[in-house]
Novice: 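Below: one structure in structure tokens.
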Amino acid sequence: MTQRMQDPGRVQGLPITDHQGLQQALQEANLPSLLMVYVQLSGDEAMLDAFASHLQSIYTTEVSEVPEDLATDLRQRLFALLTAEEPINEPPLSTDFVRHMMSVSVGEAVDPELVPVLYDQMGFERPVPRKEQPGRPQPPADFRVLVIGGGMSGIAAGVKLGEAGYNYVIAEKNSELGGTWWENRYPGVGLDTPSHFYAYSFAQSPDWSHYHPKGPEIERYLLNVADQYGVRERVQFNTRVTALRWDEHASLWRVSLESQGEVSEESFQAVINGHGILNRWRMPDIPGLKDFQGVAMHTAGWDPEVDLKGKRVAIIGTGASGAQLAVAIAPEASQLTVFQRSRHWVMNNPEIHLGVTEGVKFALRHIPHYMEWFRFRVYWFTGDGLYGNVLRDPTWEDQSLSISAQNDGARQYALAYMQRKFADRPDLLEKMQPDYPIFGKRIVLDADGGWLDTLKQPNVSLETAGIERIVENGILTRDGRLIEVDVIALATGFELAPALGSMQVFGRGGVEAGAVWGRDEARSYLGIMVPGYPNFFMTQGPNSAPNHAAGVNMVIESQVNYIIEALDLLVARGAKALEPTEAAYREWNERVDSQMQNMVWLHPKASSYYLNSKGRNWVSCPFRLADYWSMVREPDPEALVLK
Ligand code: NAP
């Protein structure tokens, strides 16, 4: 059956009159994405078939170039189409045809269930704001929702609550919005998810300067979205939520808020916790840190006033933050010593430092559907296309170094890069090559001129002997050497446990969530709700982090959508409290635990911050982004208790 994916209609923004700009765009833009635009506008299936055998997964070792005459033909056809005076009406496309397009675009078979995800998350659909949808019961004005945190989750929640007509307040502990991107100001801070995917699906931007921009640009983007949707007016800045108490009698959350030393109490019908999971600094338990007489600072508490020029600097930690910091400060430090505790896989991503050219920006701004199709490719190659890397193939014979053919391919790809970079420094390869399967912990992305090249600089050294203690003028290694330093940068990551930080949440019967969960045993229903805690919702809750790839943006949007659907259900039913059933909670956790057994994170040689003290992964989502998106698409009334 032919099913319309969207209403057919006249394509807006055509004809393109800047012919020179368009020619440049057609030369510089991504060819498979241009092909999708052409096929979507023309319905020309033959062109799709002509390209199919030449477009391959970017991770394949087989190289096949698109013949130049074919590429030229496509560009000419598109130019003619986009500059023609006659209006274009898009032909209807069936679900199967769209799936075929998606598969050709990425050179891999794409499952049919991804088609609705594509339409929602790539931005093809512009849904009517909820409050304008006919027949939907409007939330009462005295139904107040508290959002905790004004980072990426809190801003998305604000936008969508506003569009749904909810009366909401955001409590933000900082003096500005932006969360992670406001707090992390260390030199070199940047994004390893490509910006064209990381941006909200409902607020895509054609203006990114880089495929992986630096922190301030992302912070600016988030602030712009907040301003554009009027979120800022709803924020109480410098305000920290310290406790939530469910008032059974009134069906309200009584909330303790602390602002500049003053504690106040407010009441809300529902609470959305968006306080983030990677923002409580992990200070290393290395003896002597307090004795150090120089400057010691965590990457997330960076003091930009500290001048590193000519200083002897130590970085402790070699995750993404440590690697980015090292690249940025090595040129100015007189001596940089990087302390590695465990080995991280490093993967080449040539786009990591790449600027977006004017031609590509033109395509993103002016060529209809280019931005959406380009976003799909990015989602695939940095998101769900990577899922095979973390899923154990039981038929894969030797599981000691890799767990599947795809995982092994990724290992070879990463290893080849490390070997190439360290061809002249076998000592560094020996120190850094991991012995566990790739994706066992978060990968550090790199490119020429980046992290591995920095480690080869004459003023940089990599220490792996281990740290005995910190003394007043430096760091003593386990093999008895004193490395004198002026500054110690603690790139030691974040404490994820306890899941709710210092915030206390008392549910039905006054039971505190932290006491139930213990330090690091938090569980949830769908990463969003917990039985016994009515109208309390989480974003990025237990087992919902997309650790196979990029995609935190997609998880957050899916969760916000679910939460608003759940609130709408509450309002529509005239109920006061909603929570998951014990059965639904148990089933979800059984499903998570069962699937987790197949994931690389539980490999005996892998260790990461995803694991709790008992070795259980309580952080990662073991499903594809698209599967999770489908699971939380709308609340299942059978799984909920409404009173
Ligand atoms: P991280 O990934 O947790 O890395 C922390 C590093 O510090 C690890 O190398 C860890 O070693 C080391 N470490 C911790 N405690 C130590 C101790 N007591 N002694 C010696 N070494 C110690 O933290 P992160 O680099 O800040 O990254 C946090 C998260 O944010 C990650 O998911 C990361 O991918 C993400 N991030 C992303 C970007 C980006 O988008 N570009 C940038 C920064 C961060 P072990 O491995 O042995 O624990």
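No experiment lies behind these values; they were computed from the predicted model shown. Counting convention: from 1, in listed order, for ligands and their atoms alike. One is the number of the first residue; the rest follow in order along the sequence.
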Novice: Within a distance under 4.0 Å of any heavy atom of Thr318, pick out the atoms of ligand 1 and give their elements.
Specialist: 6 (C), 9 (O)
Novice: Identify, for atom 25 (O) of ligand 1, the protein heavy atom at the shortest distance, and state residue, atom and that distance.
Specialist: Ser321 N, 2.9 Å
Novice: With heavy-atom distances below 4.0 Å as the criterion, list the atoms of ligand 1 near Arg442.
Specialist: 32 (O), 34 (O)
Novice: Which atoms from ligand 1 have a heavy atom of Lys441 less than 4.0 Å away?
Specialist: 45 (P), 46 (O)
Novice: Is Arg240 atom CZ crowded by more than 12 heavy atoms from other residues, nucleotides or ligands, each under 6.0 Å away?
Specialist: no
Novice: Between Gly190 and ligand 1, does any nitrogen or oxygen pair lie at a separation below 3.5 Å?
Specialist: yes
Novice: May I ask whether Tyr186 places a heavy atom under 4.0 Å from ligand 1?
Specialist: yes
Novice: Which of these passes side chain to side chain donor-acceptor pair (under 3.5 Å) with Glu463: Gln340, Arg478, Lys431, Arg481?
Specialist: Arg481
Novice: Under the ring-ring contact (aromatic ring centres under 6.0 Å, His included) criterion, do Phe439 and His603 qualify, and how do the steps go?
Specialist: CA-CA 10 Å; Phe439 285 87; His603 189 279; over 10 Å; no
Novice: How far is atom 3 (O) of ligand 1 from the closest protein heavy atom, and which atom is that?
Specialist: Tyr609 CD2, 3.6 Å
Novice: Protein heavy atoms: any of them under 4.0 Å from atom 20 (C) of ligand 1?
Specialist: yes
Novice: Can you check whether Ser524's main-chain N or O pairs, donor with acceptor, with Asn589's side chain at less than 3.5 Å?
Specialist: yes
Novice: Ignoring angles and geometry beyond distance, decide whether Gly322 reaches within less than 3.5 Å of ligand 1 through its nitrogen or oxygen atoms.
Specialist: no
Novice: Please classify the Leu278 to ligand 1 contact at 4.0 Å (heavy-atom distances, strictly less than): side chain, backbone, both or neither.
Specialist: side chain
Novice: Given Gln324, Gln340, His212, Arg341, which one has a non-hydrogen atom that is nearest to atom 11 (O) of ligand 1?
Specialist: Arg341
Novice: Just checking, is any N or O donor in the side chain of Asp520 or Ser613 under 3.5 Å from an acceptor N or O on the other one?
Specialist: yes
Novice: With Asp486, which of Lys311, Gln335, Arg312 fulfils side chain to side chain donor-acceptor pair (under 3.5 Å)?
Specialist: Arg312
Novice: What atoms in ligand 1 come closer than 4.0 Å to a heavy atom of Ile316?
Specialist: 20 (C), 21 (N)
Novice: Between Asp120 and Trp629, is there a side-chain donor-acceptor contact under 3.5 Å, judged purely by atom types and distance?
Specialist: yes
Novice: What protein heavy atom sits nearest atom 23 (O) of ligand 1, and how far away is it?
Specialist: Gly493 CA, 3.2 Å
Novice: N/O to N/O below 3.5 Å, does that happen between His344 and ligand 1?
Specialist: yes
